[in-house]
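Note sheet for the following structure.
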Amino acid sequence: MKIQFGQPKIKSDTNINEVEIPKEMQNAIPTGNMYIDTLFAGDGILPSTAALITGLPGAGKSTLMMQLADAMTGAGHIALYNSNEESLFQVKRVVNRLGLRNGFIVGYDRDCDEIIAHAKELQTNNPEKKVFLFVDSLQTIDVKKKKGKVGRNLSKLNMQVEGTERLTMWAKETFNCAFIIGQVTKAGDFTGKQDIKHIVDCHLHLAFHREHRKGPEERFARMEKNRFGTAGCYHNFSLNARGITFSIPDVPDDDDEDEVSV
């Protein structure tokens, strides 16, 4: 991994107790959904987070990210949803179906630097707000060689690695958040290079329990990697035409089951 960021200035004898956490990273940002909050930092999403969101085909990756973008807009932040998997007309149809009231800013840039430039413009115009950038998806973005570099253009797989690095660098430098949707095969294997999982702070994966005892409730969202919280924890959820609803795992079937929509 080539990126170097977020490091304080230290001396050869600096003790970790002397390192001060930047004020921008001292408090997590609540999403309004306790299940999402606990999956990330425990009480929200920490500014500077870069997250990879994966899932089996049809698991609900885009749906969850649209619901989260809508929630962050409603909380007073800036949410930018850059879509190349679907046209904006299709995105709008999903927004209507889900009944999202707050919405989010949209884009369909393919070049990674142009996506970041759009996010920086929004940040400049709204300096008092946090920017949540959603990229749908990693496999669709293009990355140009850096100026001055010689040799061949980047392969598609290397573009994904370089793109993840640049999006992560943006999140770290600005204390904003980037959510990158990545594709997997029907077997659940990530289609990109494993380097990508090492670059990001969090890896949230949507999947199905192997034994389908309760139908749609057997879907789950599990945090595979988490630099800012606990990895391995998961929450069950159901997915229907109105979107994703989380529920407490292993709760007996009754009318009092605790459910929260994003």
Side-chain angles (χ1 to χ4, degrees), residues 29-45 49 51-75 79 81 83 85-86 90-104 132 134-137 177 179-190 202-226 229-262:
I29 301 172
T31 66
N33 182 286
M34 64 178 181
Y35 297 98
I36 293 294
D37 290 349
T38 56
L39 285 171
F40 278 89
D43 56 352
I45 299 175
T49 294
L52 175 67
I53 314 297
T54 61
L56 297 172
K61 302 180 295 295
S62 296
T63 298
L64 179 60
M65 291 299 100
M66 288 186 202
Q67 287 182 266
L68 181 56
D70 180 81
M72 300 322 295
T73 300
Y81 196 95
S83 176
E85 283 289 333
E86 298 180 345
Q90 291 169 298
V91 172
K92 181 56 166 30
R93 285 181 60 86
V94 175
V95 167
N96 289 345
R97 173 170 57 80
L98 297 176
L100 302 182
R101 298 182 177 180
N102 303 303
F104 39 79
F132 288 75
F134 300 83
V135 178
D136 190 2
S137 67
C177 299
F179 300 86
I180 310 164
I181 296 178
Q183 306 300 324
V184 300
T185 66
K186 290 184 178 180
D189 300 320
F190 181 54
C202 302
H203 175 198
L204 182 65
H205 184 67
L206 309 186
F208 305 89
H209 290 296
R210 293 185 181 276
E211 297 180 6
H212 296 270
R213 297 188 304 273
K214 295 191 296 179
E217 288 300 324
E218 290 304 302
R219 297 173 185 261
F220 66 92
R222 181 173 60 208
M223 189 61 76
E224 304 282 351
K225 171 188 176 179
N226 195 347
T230 303
C233 61
Y234 74 94
H235 290 303
N236 286 347
F237 69 89
S238 60
L239 174 65
N240 56 38
R242 300 296 292 176
I244 284 177
T245 300
F246 284 94
S247 59
I248 298 174
D250 300 322
V251 173
D253 291 325
D254 57 44
D255 294 336
D256 296 326
E257 183 170 331
D258 185 16
E259 294 190 348
V260 177
S261 296
V262 175

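What you see is a predicted model, and the numbers here were worked out from it, not measured in a lab. FYI, the numbering just counts along the sequence from 1.
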Counterpart residues, salt bridge (Lys or Arg N to Asp or Glu O under 4.0 Å), relative to Glu224 (two or more places apart): Arg222
Any residue meeting salt bridge (Lys or Arg N to Asp or Glu O under 4.0 Å) with Arg97, in chain and number order, not counting sequence neighbours: none
Heavy-atom pair of closest approach, residues [X] and [Y]:
| X | Y | answer |
| --- | --- | --- |
| Asn226 | Cys202 | OD1-SG, 3.4 Å |
| Ala79 | Phe134 | CB-CE1, 4.1 Å |
| Asp136 | Ser62 | OD2-OG, 2.8 Å |
| Met65 | Ile181 | CG-CD1, 3.8 Å |

Over 60° means perpendicular and under 30° means parallel, so tell me whether [X] and [Y] are parallel, tilted or perpendicular.
| X | Y | value |
| --- | --- | --- |
| Tyr234 | Phe220 | perpendicular |
| His205 | His203 | perpendicular |
| Phe104 | Tyr81 | tilted |

Within a strict 4.5 Å, meaning less than it, do heavy atoms of the [X] and [Y] side chains meet?
| X | Y | value |
| --- | --- | --- |
| Val91 | Met66 | yes |
| Phe190 | Thr54 | yes |
| Thr38 | Phe246 | no |

By side chain to side chain donor-acceptor pair (under 3.5 Å), which residues pair with [X], not counting sequence neighbours?
| X | value |
| --- | --- |
| Lys225 | none |
| Asp189 | none |
| Glu86 | none |
| Asp37 | Thr31 |

Those residues that, when tested against Thr63, pass side-chain contact (heavy atoms from CB on, under 4.5 Å) (two or more places apart): Gln67, Leu98, Leu239, Ile244
Donor-acceptor pair between Ser247 and His235 side chains, under 3.5 angstrom: no
Among Leu68, Leu204, Val135, Leu64, side-chain contact (heavy atoms from CB on, under 4.5 Å) partner for Phe179: Leu68
